[in-house]
Structure formats: structure tokens, C-alpha cells
Amino acid sequence: MRLIPALALCAAGFAAAALPASAADAPTKVVTVISSADAQTQLMGMVLTMQSIKGGATGHMLLCGPGGDIALKDAPESATAAQPPMGMSPQGLIQKIQEAGATIEVCAIYLPGKGAEADVLLDGVTVAKPPAMAARLMDPDARVLSF
């Protein structure tokens with residue numbers, strides 16, 4: 001009976017199709033958008049971004065609204081206060097992510113909304129350009145995280 005080998009071959013094909021993509025097929029970039037005012041939520045987004053970078057992805061962070069406050073030289077206490085369990089602050093971790101090679105930007109409307117200029121931002125943090133940011137978000141090689 002030849003039906004059983006044919007069924008086995010079909011089942012093997014369906015099983016292979018259901019397998020997750022290999023690491024080679026995984027996104028090579030991570031774009032993290034942080035807009036939450038909550039320090040623990042901000043940190044979780046940053047922790048996942050850092051782990052992605054350590055796994056070989058390139059990192060890009062966009063900080064908007066209250067998330068943008070992390071990038072201020074004169075940041076609020078919520079951005080600089082150490083959080084459990086590692087005793088890291090959102091601002092401290094964003095600087096480590098930057099040192100790991102990630103690009104950090106604030107939303108294009110963040111500084112005008114604050115009535116401020118780019119000199120209030122931490123060194124190396126820039127203002128996002130909407131066309132370039134949209135291209136990053138739509139890049140098929142990117143995974144977008146939002147917190």
C-alpha cells in the first residue's frame with residue numbers, strides 16, 4: 001500500500017512548515033519605542049532591547065512623551081532613580097544601550113512640545129526625522145517593540 005508513505009511525506013511537510021524560522025531568518029534590527037511614564041515599563045523595554053543587541057541585532061530607540069524625559073540632562077527623578085532588582089535607572093540603562101552601539105532619538109515633536117532645544121538632551125541623543133523613523137519601523141528586517 002503506497003498511501004501510508006505518501007501520508008507520512010505530507011505530514012513531514014506540514015511539520016516542517018510549522019517550525020519556527022531559523023535564527024538566520026530572524027529580524028536583524030530592533031526598534032524600541034518608549035512612551036510610558038512608568039520607570040519599570042521603560043526599563044523592561046530597555047532590558048529587552050539590550051538583550052536583542054547582545055543577541056546580534058542592531059538597536060534603535062525612539063523616546064516619546066514621558067519616555068523622552070529619560071534623555072534629558074536634567075531628567076526627573078523617575079528617570080534617574082534606581083529600580084529593583086538590579087538597581088538600574090532608566091537613564092543609566094539607556095546610556096549603557098547607547099554604549100552598546102544603539103541609536104537613541106527623541107520624537108520630532110518632543111523638544112518643541114517642551115519649548116526646549118537639543119542642548120537639553122544627553123550627549124549622543126538626537127531628534128528623530130519622521131521619514132527616516134518611518135523607514136526603520138517599516139523595515140522588514142526590524143522587530144518593533146513598544147512600551
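No hydrogens, no waters, no symmetry mates; every other heavy atom, side chains included, goes into these values.
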S.K.: Would a 4.5 Å heavy-atom cut-off, applied to side chains only, mark L62 and M133 as touching?
M.R.: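 Touching, per the 4.5 Å side-chain cut-off.
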S.K.: Could you tell me which non-hydrogen atom of L63 sits nearest to which non-hydrogen atom of G68, and how far apart they are?
M.R.: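 Result for this residue pair: CB-CA, 3.7 Å.
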S.K.: Can you pull out every side-chain hydrogen bond (donor to acceptor under 3.5 Å, both in side chains) where at least one residue sits in residues 135-147? Sequence neighbours excluded, please.
M.R.: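 side-chain hydrogen bond (donor to acceptor under 3.5 Å, both in side chains) check on residues 135-147 returns K29-D139, H60-R136.
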S.K.: Quick one: do V31 and L145 satisfy side chain to side chain contact (heavy atoms under 4.5 Å, CB included)? Show the steps, please.
M.R.: CA-CA 6 Å; V31 179; L145 308 174; over 6 Å; no
S.K.: Would you compute the distance between atom CG of L93 and atom CD of Q83 and round it to the nearest 0.5 angstrom?
M.R.: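 So the CG of L93 and the CD of Q83 are separated by 11.5 Å.
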S.K.: Are any of the side-chain heavy atoms of V106 and V125 separated by less than 4.5 Å?
M.R.: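 The answer is yes, as the side chains (C-beta and beyond) meet within the 4.5 Å cut-off.
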S.K.: Do L121 and T126 pass the side chain to side chain contact (heavy atoms under 4.5 Å, CB included) test, and can you show the C-alpha distance, the side-chain angles, and the key distance before you say yes or no?
M.R.: CA-CA 8 Å; L121 298 174; T126 59; over 6 Å; no
S.K.: According to a 4.5 Å side-chain heavy-atom criterion applied to Ile, Leu, Val, Met, Phe, Trp and Tyr, with indirect links allowed, do F147 and M61 form part of one hydrophobic cluster?
M.R.: yes
S.K.: Please tabulate, for side-chain N and O atoms in residues 39-51, each donor-acceptor pair with protein atoms closer than 3.5 Å (sequence neighbours left out).
M.R.:
from: T41; atom 1: OG1; to: D38; atom 2: OD2; distance (Å): 2.9
from: Q42; atom 1: NE2; to: S36; atom 2: O; distance (Å): 2.7
from: T49; atom 1: OG1; to: T32; atom 2: OG1; distance (Å): 2.5
from: T49; atom 1: OG1; to: G45; atom 2: O; distance (Å): 2.8

S.K.: Taking only residues at least two apart or on different chains, which pairs with a member in residues 90-103 satisfy side-chain hydrogen bond (donor to acceptor under 3.5 Å, both in side chains)?
M.R.: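 Residue pairs with at least one partner in residues 90-103: there are none.
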S.K.: Of the non-hydrogen atoms in P66 and S35, which two are nearest, and what is the gap between them?
M.R.: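 Answer, listing the atom of P66 first, then S35: CD-O, 3.3 Å.
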S.K.: Quick one: closest heavy-atom pair of P90 and A81, and the distance?
M.R.: CD-O, 4.0 Å
S.K.: Can you establish whether the number of heavy atoms outside L137 located under 6.0 Å from its atom CG is more than 12?
M.R.: yes
S.K.: Treating K129 as the side-chain partner and A108 as the backbone partner, does any N or O pair qualify as donor plus acceptor under 3.5 Å?
M.R.: no
S.K.: Same cluster for I104 and V120 if Ile/Leu/Val/Met/Phe/Trp/Tyr side chains link at under 4.5 Å?
M.R.: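 Shared cluster, yes.
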S.K.: Going only through I, L, V, M, F, W and Y residues with side-chain contacts under 4.5 Å, is there a path from L122 to V33?
M.R.: no
S.K.: Calculate, to the nearest 0.5 Å, the distance between atoms CD1 and SG belonging to I109 and C64 respectively.
M.R.: 7.0 Å
S.K.: So if you build clusters from Ile, Leu, Val, Met, Phe, Trp, Tyr with side-chain heavy-atom gaps below 4.5 Å, do I97 and V30 land together?
M.R.: yes
S.K.: Considering only NZ, NE, NH1 and NH2 on the basic side and carboxylate oxygens on the acidic side, decide whether K114 and D69 come within less than 4.0 Å.
M.R.: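 Answer for the salt bridge query: yes.
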